[in-house]
Amino acid sequence: MRNEDMMISDGCGRLRELSTAPLPTVFDEISGSPDGLTEREAADRLHHFGDNRQTSASEEGFVAGLRASLRSPFLALLAGLCVVFVLVGDRKAAATIAAMIVLAVALRLWQRTRSMRAIRGVRELVTATATVCRRADEQAPSVACEVPVAELVPGDVVILGPGDVVAADVRIVSATDLVIDQSAMTGESLPVYKDATARQRRVRGVAAVVDSANLCLCGTTVVAGAATGVVVATGIRTYAGALASHAADPRSESSFDQGVRAVSWTLIRFMLVMVPIVFAVNGVVSGAWGQAAMFAVAVAVGLTPEMLPVIVTTNLARGAVLLARERVVIRRLNAIQDLGAMDVLCIDKTGTLTEDRVVYAHSVDVTGHIDETASELAYLATHFQAGPHSRLDRAIAQWADEEQMGVVAEAAYTGFAEIAPERSRRKQTVVVSRLHGEHILLCKGHPDEVLPYCTRARVGDDVVGFHDELKSEARDLICAYRKRGMQVMAVAARSRPARTGQYQVTDENDLVLVGFVGFVDPVRASASCAVTSLSRHGVRVKILTGDDGHVAAQVATQVGVACDRVIRGKQIDKLGDTRLQAVATQTDVFAELTPGHKARIVAALREAGCAVGFLGDGVNDVAALRLADASIAPDTATGAAKQAADLILLDKDLSVIARAVIEGRRTLANTMKYVTITASSNFGNVLSVMAASVLLPFLPMLPGQLMMQNLLYDIAQLALPWDRVDPEYLRRPRRWQSSGMVPFMLIFGALSSLFDLVTFAVLWWACGGSDSPSVFQTGWFVEGLLTQLAVVLVLRSRTLPWRRPRPAPVVVLSAMAVAIVGALLPFCPLAEPLQMTAPPVAYLLWLAVVVTAYAAAAYVVKRWYLRRRVTNRCPQESCW
């Protein structure tokens, strides 16, 4: 499996070379100047290189949306039937099916356009600019100005400051205490330090671009410090662009796609078997082979749930509307049902389970006893620190503000000097004055940087020698804090007589270790409940993070994710694909991962048969997002991540995903009600037709009447997306399944056909059907329609229709309305074009009896069927 460096294009290979070259060579390679480009040069390069975008606007255009909306096997099936009707000259039937196709495509296109509009609205809330040095002409001086990030070009000299988002790949020319957050690239929560002269480390002999200390990559953020740099790559030529290019790749087939294909082929196989049989039987019995061919085509339509694309799209559109109320934007409509099938959700830790911020926890002395002296001195050093403040500094300051320590610091102390911080920015030392003739050196920073300069330590109220045993105890304490997912700051001090001269780095010696300050990234209040809710609904949460393993394990424990062991990226490198499948299914916490590791884990889970959801927000997550069945990104994610995602969360909250999973299952349940019940009813009609072809001297129903019956039935089923769903159905992952369709169709189709045969007998002997084929055909038309409508109310749930969950009122009303229309059709002006004759009034009493008896029989068979499936330990059908 390729790793992150293998995913880098040739352009990024050049980027690696520019990161190692001397600055004069860099300017020569990009035809730039330390003074910046002229306006004319910038315009020419913008025309040559194009806008600084990582994705194409055409990917969100009308044509792309239309192409995505047409991609459905059911639409292809209906299109094939439409062509058949055109060839046989039945223009009305062809027009009817064409209208269904147009309606389904229009609904999908409308929903996609609506989602794209919402995404653009979120994107346009922020207008991004960059500070660049430009010249009016060759002789004019360089002037700093703001330009839209889309207009950045290679050779531009940019100025970076705290809070800036780096909008292109930049080689640093000069830097002052520059700290960069590149978690969007690597997944690491801690910022890194950048320097104009540093070189990147090498991994297995290959220069790691993301680890280059003299490069600021597109999509990273300046945490502290300032820098001047030259743009060496823009748009798709950036490192982020190379990773983002995977967002445009054809995505892998999701669980929804696989299920729809399986169901489609099940229906097609039934058509391929039944249509020739009907054609042969009708032809032999009637001798009219042309009429038999037409009826066989009508039967093909009858076997096809022709309104399925519309029903599916209506279900999905309604789900999208409901999720929009939860502040979820749907980019790929089918992803709603992929959420319902999802049984594994892979998420990052930072910003999803945690709040992605640093908060002061407490401070201790060197032996681990609670002591606020270290935090008080840390705040004092932060208060008088002139240089840039880190996230830990800001957390200390927030705590001090709550404790109202600022007034005390100003009143009791005076800032005197600040020793030049080291390039690594891993410690800072401030000199303050408290009493006349006394200076206090306050040093705070990373324990590995502070402890070597300490010769003594404060234990309680005493100062003792910092001997080896105490050093070992201090390091064990630091390790324990890190295992609990905390960041640690060491604080040391030293009093000395005041002096007027400058303080140097050499003065940072003989320090007294005061203690340690602990910080945490708080776990989101809703995270634990969301994980519990997902687990209760059969979704297993797995943490995939680039962060430290100890931190990941601690957060997993806090939110309720199983953490028997943590698998790190270097361990995954040693596993083959088959072994990784077993490890991925058994382990829930993965840490210190690269983008390639994440993609491999998602692929392994899918190969193991899991329906995988992936929540990611960085460019480093794009490959995994494209592989997942349902890919999710927050609206704060990078553009590439949002482009690759199926759903975008406007609130980065796991509880929203838990609710979206339930909505996905509700959507699938109502879709499968239509598929399975309609397929079984249609199959029953075909069995009845075959029996009638042998027993009767005429067709039991004309092709046009069969089409009208299907149309009326399908109109009633348009209300199914609003139906209620059994709570039991929502408790575990659900997929489109074809395995249960065949026995369901055979059993309930045969039951339907049995009542049809009884109706045939009544029509033949009691209602004059033997003398009037039109009366017979009309009678079966009405009976078939009413029984189909009734059985939907019976089979839509495990329970009786009047027990919970009761059918939605709109479902009952639509069934009743269509039943009335169907019963009155033989008595209205449309009866003549449809060649219908009003049946005897006594037949209406028979209809009441047969519909009631059929509904009762269907319920009894349903209970037997459910018990049989449980006894045989077979999976339940998708409609239940």
What's the separation between atom [atom1] in [X] and atom [atom2] in [Y], rounded to the nearest 0.5 Å?
X	Y	atom1	atom2	answer
Arg731	Ile662	CZ	CD1	10.5 Å
Arg798	Leu866	CZ	CG	5.0 Å
Thr799	Arg863	OG1	CZ	8.5 Å
Asp338	Arg332	CG	CZ	4.5 Å
Leu668	Ile336	CG	CD1	11.5 Å
Arg734	Thr667	CZ	OG1	14.0 Å

Side chains of [X] and [Y], heavy atoms from C-beta outward: is any pair under 4.5 Å?
X	Y	result
Val328	Ile632	no
Leu795	Phe744	yes
Leu696	Phe776	yes
Gln835	Gln777	no
Tyr713	Asn682	no
Val539	Asp343	no
Leu687	Phe683	yes

Could you list the donor-acceptor pairs under 3.5 angstrom formed between side-chain atoms of residues 745-763 and any protein atom two or more places apart in sequence or on another chain?
from, atom 1, to, atom 2, distance (Å)
Ser753, OG, Ser688, OG, 3.2
Asp756, OD1, Trp780, NE1, 3.2
Asp756, OD2, Ser688, OG, 2.8
Thr759, OG1, Phe755, O, 2.9
Thr759, OG1, Glu783, OE2, 3.4

For side-chain hydrogen bond (donor to acceptor under 3.5 Å, both in side chains), just list the numbers for Thr678 and Gln717, CA-CA rounded to whole Å, side-chain angles, deciding distance to a tenth of an Å, and then say yes or no.
CA-CA 9 Å; Thr678 301; Gln717 303 321 303; 5.8 Å; no

Quick one, Met701 with Asn685, criterion side-chain contact (heavy atoms from CB on, under 4.5 Å). Give me CA distance, side-chain angles, the key distance, then yes/no.
CA-CA 10 Å; Met701 193 184 304; Asn685 287 343; over 6 Å; no

Of the non-hydrogen atoms in [X] and [Y], which two are nearest, and what is the gap between them?
X	Y	result
Val812	Pro807	CG2-CG, 3.7 Å
Lys673	Arg724	NZ-O, 2.8 Å
Ala858	Val791	CB-CG2, 3.9 Å
Tyr843	Gly779	OH-O, 2.7 Å
Ile657	Met342	CG2-CE, 4.5 Å
Ala848	Thr852	O-OG1, 2.8 Å

With Gln709 via side chain to side chain donor-acceptor pair (under 3.5 Å) - residues at least two apart:
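Result, side chain to side chain donor-acceptor pair (under 3.5 Å) vs Gln709: none returned.
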
Is a side-chain donor or acceptor of [X] paired with a backbone partner of [Y] at a separation under 3.5 angstrom?
X	Y	value
Thr778	Val775	no
Arg665	Leu730	yes
Arg318	Trp722	no
Ser774	Thr837	yes

If the condition is salt bridge (Lys or Arg N to Asp or Glu O under 4.0 Å), which residues does Arg659 pass it with, not counting sequence neighbours?
Glu326

Please list, chain by chain and in numerical order, all residues satisfying salt bridge (Lys or Arg N to Asp or Glu O under 4.0 Å) with Arg666, sequence neighbours excluded.
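By the salt bridge (Lys or Arg N to Asp or Glu O under 4.0 Å) rule, Arg666 matches Glu663.
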
Quick one: list whatever passes side-chain contact (heavy atoms from CB on, under 4.5 Å) with Ser770, sequence neighbours left out.
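Per chain and number, Ser770 pairs via side-chain contact (heavy atoms from CB on, under 4.5 Å) with Trp764.
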
Partner of Arg796 under side chain to side chain donor-acceptor pair (under 3.5 Å), picked from Asp723, Asn670, Asp726, is Asp723

Can you give me every donor-acceptor pair (side chain of residues 814-828, partner residue at least two apart or in another chain, under 3.5 Å) with its distance?
from, atom 1, to, atom 2, distance (Å)
Ser814, OG, Ala716, O, 3.2
Ser814, OG, Val810, O, 3.1
Ser814, OG, Val811, O, 2.9

